[in-house]
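Quick note on labels: first sequence line is chain A, next is B, and so on, each numbered from 1.
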Number of protein chains: 2
Amino acid sequence: MFEPFTLKDIAKALGLSTSTVSRALRDTHEISPETKKLVLDYAQKINYRPNPIALSLKERRSKSIGVSLSEVANQYFAQVVNGIESIAYDRGYHVIITQTHEFYAREKVNIQHLASRSVDGLLVSLSSETTDTSYLQNLHQRGLPIVFFDRVTDQIKTHQIIANNEKGAFEATEYLISQGCKRIAHLTSSDHLSISVERLNGYKQALAKHGLLLNEAYIKYCAHGGMFQEETEMAIKELMNMKEKPDGIFVASDRLSIGALVVFKELKVKVPQEMVIAGFCNSDVLNLMCPTLTSVRQPAFEMGQIATDMLLNLIESKYPVHDFEKKILDTSLSIRNH
Amino acid sequence: MFEPFTLKDIAKALGLSTSTVSRALRDTHEISPETKKLVLDYAQKINYRPNPIALSLKERRSKSIGVSLSEVANQYFAQVVNGIESIAYDRGYHVIITQTHEFYAREKVNIQHLASRSVDGLLVSLSSETTDTSYLQNLHQRGLPIVFFDRVTDQIKTHQIIANNEKGAFEATEYLISQGCKRIAHLTSSDHLSISVERLNGYKQALAKHGLLLNEAYIKYCAHGGMFQEETEMAIKELMNMKEKPDGIFVASDRLSIGALVVFKELKVKVPQEMVIAGFCNSDVLNLMCPTLTSVRQPAFEMGQIATDMLLNLIESKYPVHDFEKKILDTSLSIRNH
DNA sequence: GGTTGTGCCGGGAACGATTGCACAATAATT
DNA sequence: AATTATTGTGCAATCGTTCCCGGCACAACC
């Protein structure tokens, strides 16, 4: 039904062969100026665009990259996507975004779909459910370039780009301590996620540095990263029902941070008098929120840019790359305490 | 570098022709059960997937649809996208999302790119800059199915799916009146956007119904829909510098609503004592915000679903469709007043 | 025994674009 | 005038898949 113009159409209209038309459009020196002009003018007139599908088939690359992330409704990921697009479009690549909503099954289907769809490379932030990355290893082994960002895995030898999660977590926890908190809880995603491990480390280090005892009961995991609000609610209620309630909490992710604020508001917990909250969050409306959240902010846009740059370099590299980089970007702490 | 298996690979390995292999995989009756089993088993073993690029070229359709919207960081659009994906994936279509960031130039480039990329159809919500839709008309005339959602145009005869903007705006404004507001301002996007017109109408009708005079000076337009916070800031400051300051404001879009809250907070305007705010907003963290916003909520997920369903029906229709529908979904008002 | 039928399979064209190679016509050289 | 460059153009193969067409073998029929 919708039939774009082809080289053949131009050739027929002008009484030339398709090869001549093709060469004229690509401005080869071996076509006479008159023919070139003729072709170019006509192509302009009918607004001819080469069929990228045909090109993909011929060139065996699609000039597009695939992205797998948990969800764009998450501001952090929305910002990453903007960073990705800013680089990709400049270098002539399309971006195809897929959402996992934190489900492993969804992630696997999406990524295999992308791969068979001939994306030239993949930008991946793992879902909180993912433990088995063998399907990714498979693709990677067969030569598909992959760059991980945010939630990474060491099971696949490739570039990684992450925030300095340990330092960010350390600073946030130290901030809570500076506010006089003695019993600091930690709310985090599933324990196998790279960001969870790193942020937990930062939390532990801050406690240790300031001589606070680590209480495992203060650490709560949400297997689905807070995709279900009940998860978050239950974790916090458990904390608030403890004999020795925490007086501060460090939350490990965007979604959990927002979810925690909701619960504390529901419970009418006085923030920051009864509870000081700090957490990773890239939302740009945190200033409007009460209860108040001291936030660790990741350079999301920049992460997207760097990840994309790395991926495109892998894709366009003439030789197999074996020397991989783990890039770590600094976070920044935004203190909000009234 | 990354070379998936092809029919030819299977054919060679099994000593058959590609046509036989193709037919075996498609389960044609004219292939013997033994051969079929042979081929299927082998295909299974090497995890063969047909090359969608080649299929697209042959079938002249890509089983993918394109989406153009302002930005996924906007919760409303993020929810729409989820609705779109929920339907598209079920029916075997890919979704390619492009962001305009409210720029006409970006929109045009993105959409033409999508079209030449052989998407089978388009879901479009126009950018606030867009007045000239001729490039879309062009594509539509040549047979590309298009469905508009949210920001629509009557210049192209096709399906439209929108919220009941007039009614939503009416209810919001009436709510402000019920709170005792006498001087109600209206902050909106560019004046040629369909949603702006419709929401302005609702605002006017509510004023009229309750005998309030329409004051044009109380209506402020933001040409870029609040993409630049300065726009929003200036508009509100102008309002607050008037001799007869407004005591209520109805804000016409998600982004502007958030932007307005930021400005009122900066200006330390007491909400709702000095100023009652109501606005379109699908953010799911409005309960956490102060100042407080009474919000008109659109059924975003459902809109995405319906739009996609309509589009896929257009795409898969055997006959040209001339009977187009304008679907209008009800909004809901969430009152927040403390 | 020749014709028709049927089951099974291979050859080759097509989709749209690029490109190495061949070939014609003209120009330049000997 | 004959040979060699040079210039401009067309042919055909290629990418992976589908599908029409045709062919071979064997059985059934008159």
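Between B:Tyr48 and D:dT17 there is a side-chain N or O to OP1 or OP2 distance below 4.0 Å. Phosphate proximity of C:dT19 to A:Arg26: present, with a side-chain N or O under 4.0 Å from OP1 or OP2. The phosphate of C:dT18 (OP1 or OP2) has a side-chain N or O of A:Ser22 nearer than 4.0 angstrom. Between B:Ser17 and C:dC9 there is no side-chain polar atom (N or O) within less than 4.0 angstrom of OP1 or OP2.
B:Ile53 comes within 4.0 angstrom of no nucleic acid atom, judged by non-hydrogen atoms across all strands. Backbone-only engagement by A:Leu55 is indicated by non-hydrogen atom pairs under 4.0 Å involving sugar-phosphate atoms exclusively. Using a 4.0 Å heavy-atom distance criterion, A:Thr35 is classed as a sugar-phosphate-only contact.
Spacing between atom CZ of A:Arg60 and atom P of D:dT17 amounts to 11 Å, rounded to whole angstrom units. As a whole-Å value, the separation of B:Glu30 CD from D:dC21 C1' is 11 Å. B:Lys58 places its NZ atom 17 Å from the P atom of C:dG12, with the value rounded to the nearest Å. For A:Lys36 and D:dT7, the NZ to P distance is 12 Å, given to the nearest whole Å. The NE2 atom of B:His29 sits 13 Å away from the P atom of D:dC19 (whole-angstrom rounding). When rounded to the nearest whole Å, the span between CZ of A:Arg49 and P of C:dG16 equals 18 Å. The distance from atom CD of B:Glu59 to atom P of D:dG16 is 17 Å, rounded to the nearest whole Å. Atom P of nucleotide C:dA17 and atom CG of B:Leu57 are separated by 9 Å, given to the nearest angstrom.
Two residues, A:Glu34 and B:Thr6, neighbour DNA chain D, and the one matched to the more 5' nucleotide by heavy-atom proximity is A:Glu34. Where B:Gly15 and B:Ala54 each meet DNA chain C at their nearest nucleotide, the meeting point lying more 5' is that of B:Gly15. Both A:Pro50 and B:Thr18 lie near DNA chain C, and the one whose nearest nucleotide falls closer to the 5' end is B:Thr18. In this structure, B:Arg23 and B:Asn51 both approach DNA chain D, and ranking their closest nucleotides by distance from the 5' end singles out B:Asn51.
When the shell of 6.0 Å around NZ of B:Lys36 is examined, it contains more than 12 heavy atoms from other residues, nucleotides or ligands.
Taking OG1 of B:Thr100 as the reference point, atom NZ of B:Lys108 lies at 15.0 Å (rounded to 0.5 Å).
Inter-residue side-chain proximity for B:Leu69 and B:Val81 is flagged as met; some heavy-atom pair is nearer than 4.5 Å.
Scanning atom types as modelled, one donor and one acceptor separated by under 3.5 angstrom connect the side chain of A:Ser19 and the base of D:dC11.
Under a 4.0 Å N-O distance rule, the pair A:Arg151/A:Glu102 qualifies as a salt bridge.
For A:Lys157 and A:Phe324, the positive end is not near the middle of the six-membered ring at less than 6.0 Å and at most 45° from its axis.
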